[in-house]
Amino acid sequence: MKIGRNLNIVVIGVGKVGTGIVQAFAQSGFAVKGIDNSSQALQLAQQKIDGNLSWLVSKEKISQEEKATILERIQLSSDYDEIRSADVVIESVFEDLNIKKELFGKMDKLVESSDALLLSNTSSLSISEIASATKRPQQVAGMHFFNPVPIMKLVEVVQGIESSRKTVEQVKELAVKMGKVPIVSKDSPGFIVNRMLNALFVEAARIVEEGVGTIEDVDIGAKLGLGHPMGPFELADYLDGIPLLIHICQYMQAELGPRFRVPVWVKNYVRAGRTGRSSGKGFFEYNDSK
């Protein structure tokens, strides 16, 4: 299969990141379909993409005509039969191994092309185990995008035990055609970036737990001392990802050991409803929750 902009691209799951993946493909010249069984998610995805593109128009980054062309490349649907003719399917659903394996088994049965790539946007879970749900594990790999997808340049290409070298090279080429920069990771929990990021977060949480510094001190230290655009707590809030972060760290703790144990005080924040910016409060409080 030749990697070009005539490929039939399908993204399954149009939550925050899945919506960004759809937009990024369309902006880089690909026709793309977004599939989700939630009509609300599909409606929100349409609104989000339209809003993002309108902002680009207002900043004179793209023209009104370019916006219309990008939107014409996008098709949103709840019909899973749309993936039958896909050349590339990218899964972007909740970070749960059983859910992903069930979906990949379904994808494997539906996708008709023997050359099709079956890819996962997982940020931490085993590609090798996800691929085991299919009869073509050599064509399964990770294609991990970073949020906000249309802006962030990095893509992690994750090579499972059975992923072929050809598949890895094709995914890298696809990322480059999107204007992204690919890096390759072996199949290890958290891969490269989230392994570093989650280790930073857990250590930051321990610093607060031990009374070495406050949440505010840690974030200022990360920004002004390490040159990070956001501190670890501000970033977790921005991504609305505190529950997911705990979930991923628990998986990494089981696989890699106690260094990824999240302190109880962080879990208590979630139990109290402090889940991130969109809820109005996470590690910080917000008056402009959206």
Side-chain angles (χ1 to χ4, degrees), residues 1-14 17-36 69-70 72-77 79-93 100-122 125-146 149-150 153-187 191:
M1 180 177 66
K2 182 176 175 58
I3 302 298
R5 287 184 175 79
N6 61 336
L7 290 175
N8 187 349
I9 309 285
V10 178
V11 178
I12 299 181
V14 292
V17 178
T19 296
I21 296 171
V22 169
Q23 181 182 329
F25 269 110
Q27 279 186 237
S28 56
F30 290 89
V32 57
K33 297 173 183 175
I35 308 295
D36 203 295
T69 299
I70 292 167
E72 286 173 0
R73 297 186 185 121
I74 297 171
Q75 178 183 335
L76 299 176
S77 172
D79 185 3
Y80 275 75
D81 277 348
E82 294 283 355
I83 75 172
R84 290 188 183 277
S85 59
D87 298 304
V88 178
V89 184
I90 301 171
E91 163 273 313
S92 185
V93 301
K100 290 183 185 290
K101 287 176 69 176
E102 182 179 356
L103 178 55
F104 267 76
K106 184 176 182 178
M107 288 159 52
D108 187 39
K109 292 175 182 176
L110 285 175
V111 176
E112 295 173 352
S113 171
S114 59
D115 294 328
L117 299 177
L118 307 184
L119 309 177
S120 177
N121 180 53
T122 180
L125 302 178
S126 171
I127 292 297
S128 301
E129 186 165 352
I130 291 170
S132 72
T134 78
K135 294 180 179 178
R136 42 180 142 182
Q138 70 279 2
Q139 289 159 242
V140 178
M143 190 176 192
H144 177 216
F145 294 86
F146 292 80
V149 180
K153 299 290 285 185
L154 185 67
V155 168
E156 277 184 316
V157 181
V158 185
Q159 182 173 10
I161 293 297
E162 302 290 348
S163 303
S164 71
R165 170 49 57 183
K166 179 181 177 182
T167 292
V168 170
E169 291 302 319
Q170 286 177 321
V171 180
K172 287 171 62 181
E173 187 178 352
L174 182 59
V176 170
K177 293 228 180 259
M178 294 179 72
K180 305 296 187 185
V181 177
I183 59 174
V184 178
S185 172
K186 297 294 186 183
D187 190 13
F191 315 133

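Note that the structure is a prediction, hence the values are computed from the model and not measured.
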Would you check, one step at a time, whether the test side-chain contact (heavy atoms from CB on, under 4.5 Å) holds for Met143 with Lys180? CA-CA 11 Å; Met143 190 176 192; Lys180 305 296 187 185; over 6 Å; no

Quiz item: Do the non-hydrogen side-chain atoms of Val140 and Thr167 ever get within less than 4.5 Å of each other?
Solution: no

Applied to residues 19-29, the side-chain hydrogen bond (donor to acceptor under 3.5 Å, both in side chains) test, sequence neighbours excluded, yields Gln23-Gln27, Gln23-Asn52

For Ser120 and Ile127 the tightest heavy-atom approach is CB-CD1, 4.0 Å

Taken to the nearest 0.5 Å, the spacing of Ile35 CD1 from Ile83 CD1 works out to 8.0 Å

dist Thr122:OG1 -> Lys100:NZ (nearest 0.5 Å) comes out at 5.0 Å

Looking only at heavy atoms, the pair that brings Val93 and Gly13 closest together is CG1-CA, 4.2 Å

Tyr80/Leu103 under side-chain contact (heavy atoms from CB on, under 4.5 Å): CA gap, chis, key distance, verdict: CA-CA 11 Å; Tyr80 275 75; Leu103 178 55; 4.1 Å; yes

Tightest non-hydrogen contact, residues Ser113 and Ala86, listed as CB-O, 4.0 Å

Heavy atoms of Ser114 and Arg136 approach each other most closely as CA-NH1, 4.3 Å

### Message
Pair Asp115, Asp87 - check side-chain contact (heavy atoms from CB on, under 4.5 Å), show working.
### Response
CA-CA 7 Å; Asp115 294 328; Asp87 298 304; over 6 Å; no

Lys172/Val184 under side-chain contact (heavy atoms from CB on, under 4.5 Å): CA gap, chis, key distance, verdict:
CA-CA 8 Å; Lys172 287 171 62 181; Val184 178; 3.7 Å; yes

Between the CE atom in Met1 and the CD atom in Gln170, the distance rounded to the nearest 0.5 Å is 4.5 Å

Review point. Would Glu169 and Lys166 count as a salt bridge (Lys or Arg N to Asp or Glu O under 4.0 Å) if you check the C-alpha gap in whole Å, the side-chain angles of each, and the deciding distance to 0.1 Å?
Key: CA-CA 5 Å; Glu169 291 302 319; Lys166 179 181 177 182; over 6 Å; no

Check: Got Leu118 and Gln139 here, is their nearest side-chain heavy-atom distance under 4.5 Å?
Finding: no

* Heavy-atom count around Glu102 CD within 6.0 Å, excluding the residue itself: above 12? -> no

d(Gln138 CD, Ile161 CD1) to nearest 0.5 Å is 14.0 Å

Nearest heavy-atom approach of Phe191 to Lys186 is CD2-O, 4.1 Å

Looking only at heavy atoms, the pair that brings Ser126 and Asp187 closest together is OG-OD2, 3.2 Å

dist Ile9:CD1 -> Phe25:CZ (nearest 0.5 Å) comes out at 4.5 Å

**Report entry** Over 12 foreign heavy atoms within 6.0 Å of CG, Leu154
**Finding:** yes

Rounded to the nearest 0.5 angstrom, the CD1-CG distance for Ile12 and Asn121 is 12.5 Å

